[in-house]
2 protein chains.
Amino acid sequence: MDKPDYSRLAKQVKLMAHPERLHILDALRAAPQCVCHLEALLKRPQPYVSQQVRILSRAGVLESERHGNNIYYHLSDPELLAWLDVVLGPVAEGADALGRHQPIEECSCPTCATAASQAVAPVILAA
Amino acid sequence: MDKPDYSRLAKQVKLMAHPERLHILDALRAAPQCVCHLEALLKRPQPYVSQQVRILSRAGVLESERHGNNIYYHLSDPELLAWLDVVLGPVAEGADALGRHQPIEECSCPTCATAASQAVAPVILAA
DNA sequence: GCGAAATATGCAAATTCATGCATGTACTTG
DNA sequence: CAAGTACATGCATGAATTTGCATATTTCGC
């Protein structure tokens with residue numbers, strides 16, 4: 001019977017109401033991702049990605065963890081996670097069953113590098 | 001495996017990313033509502049309400065039906081409806097089991113008027 | 001400590017959005 | 001057809017968003 005807090009909800013919803021941010025969130029809900037990863041995924045300059053990440057961070061829906069030079073972000077807000085599941089459908093985007101992120105050629109973070117060198121031929125270093 | 005259309009989804013999500021619009025959508029998913037109703041509900045001037053309604057209308061998520069002088073709008077997009085159920089929780093906001101809208105004192109549309117005169121004392125006409 | 005890699009921050013221009021208000025239109029009733 | 005009611009539309013202005021870019025910061029390998 002209590003009215004929802006439309007202001008608060010709208011503010012949270014707004015986080016998804018942006019194509020690139022939605023893309024980031026989609027990637028992030030699957031598994032922690034470093035910025036270079038998202039950069040490769042979105043095909044946008046790093047400062048651009050960092051800024052969108054910051055918007056999400058400052059909204060309190062993200063958590064970060066540093067691993068050497070890379071900073072891995074992941075979604076920490078259950079509410080938003082639930083919404084994303086409905087808007088985007090169940091998690092698919094580049095995540096495997098273990099919750100690790102899918103290696104991307106354009107990304108050179110440790111996770112991607114080792115994964116790539118183990119799986120496919122290391123064409124990465126050639127380019 | 002196919003990537004979601006982030007642009008399209010973001011655009012649709014944006015419809016909810018606004019307090020007043022979210023409020024309108026909440027009311028609208030329960031039952032058809034006329035503008036005067038929403039006006040009373042939001043406590044905002046009529047042109048303001050009409051404009052928000054138009055945004056939703058032009059996005060194709062609303063349907064309208066005229067009854068005499070009043071125009072009743074209702075949500076016609078199942079996708080958005082599903083999202084609203086998750087964001088706002090199950091329908092509650094002023095709808096009864098029959099899907100009629102709850103009469104509001106400030107509203108003078110036929111539905112409200114008759115409902116009011118039958119139920120509580122018609123204090124409405126006094127003010 | 002130095003340079004390189006990964007990420008963050010600040011700023012500015014362009015665009016979009018929000019909102020108030022005056023006025024226009026459509027239907028109804030007498 | 002005249003007047004009233006319900007709703008729509010146009011416009012103006014200020015605020016917020018978007019996006020690009022230059023530059024700062026942090027950490028690692030040497």
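Lettering of chains follows the sequences in order, A, B, ..., and the numbering in each one begins at 1. Fair warning: this is a prediction, and the values are worked out from it, not measured in the lab.
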| query | Tell me, do A:L9 and A:W83 make a side-chain contact under 4.5 Å, heavy atoms counted? | reply | yes
| said: Just the rounded figure in Å: distance from C1' of C:dT16 to CZ of B:R21. | reply: 12 Å
Can you name the atoms? Protein N/O to nucleotides 21-23 of chain C N/O, anything below 3.5 Å, with the distance.
none

| field | Integer-rounded Å distance: C:dA18 P and B:R44 CZ | value | 12 Å
| request: Would you kindly give the CD1-to-P distance between A:I71 and C:dA5, to the nearest whole Å? | output: 17 Å
| Length of the CZ-P vector between A:R54 and C:dA6, whole Å | 21 Å
| field | Phosphate-side-chain proximity, A:N70 and C:dT7, N/O vs OP1/OP2 below 4.0 Å | value | yes
| query | Taking OP1 and OP2 of D:dA6, is either one under 4.0 Å from a side-chain nitrogen or oxygen of B:H37? | reply | no
| message | Heavy-atom nearest nucleotide on DNA chain D for A:Q52 versus B:R58: which residue maps closer to 5'? | response | B:R58
| task | With sequence neighbours excluded, tell me which residues meet side chain to side chain donor-acceptor pair (under 3.5 Å) with B:D85. | result | B:R29
| request: Could you state the atom-to-atom distance from CD of B:E20 to P of C:dA18 in whole Å? | output: 11 Å
| Qualifying residues under side chain to side chain donor-acceptor pair (under 3.5 Å), relative to B:E20, sequence neighbours excluded | B:R44
| message | Does any part of the side chain of B:V86, heavy atoms only, come nearer than 4.5 Å to the side chain of A:V87, both counted from C-beta? | response | no
| field | Validation row: A:L75, A:L84 side chains within 4.5 angstrom (heavy atoms) | value | yes
List, one per line, each side-chain donor-acceptor pair under 3.5 Å for residues 46-59 of chain B, sequence neighbours excluded.
from	atom 1	to	atom 2	distance (Å)
B:Q46	NE2	B:S50	OG	3.1
B:Q52	OE1	B:R21	NH1	3.2

| request: Figure out the CG/C1' separation between A:L42 and D:dT18, and round it to whole Å. | output: 14 Å
| field | Any side-chain heavy-atom pair of A:H37 and A:Y72 under 4.5 Å | value | no
| Any side-chain heavy atom of A:L22 within less than 4.5 Å of one from A:L88? | yes
| Who pairs with A:E63 by salt bridge (charged side-chain N to carboxylate O under 4.0 Å, His left out), at least two apart in sequence or on another chain? | none
Would you tabulate the pairs of protein nitrogen or oxygen atoms and nucleotide nitrogen or oxygen atoms of nucleotides 24-30 of chain D closer than 3.5 angstrom?
from	atom 1	to	atom 2	distance (Å)
D:dT27	O2	A:N69	OD1	3.2

| said: If I take atom CD1 in residue B:I24 and atom C1' in nucleotide D:dC7, what distance separates them, rounded to the nearest angstrom? | reply: 13 Å
| note | Here the distance between atom C1' of D:dT18 and atom CG of A:L15, to the nearest Å, is 15 Å
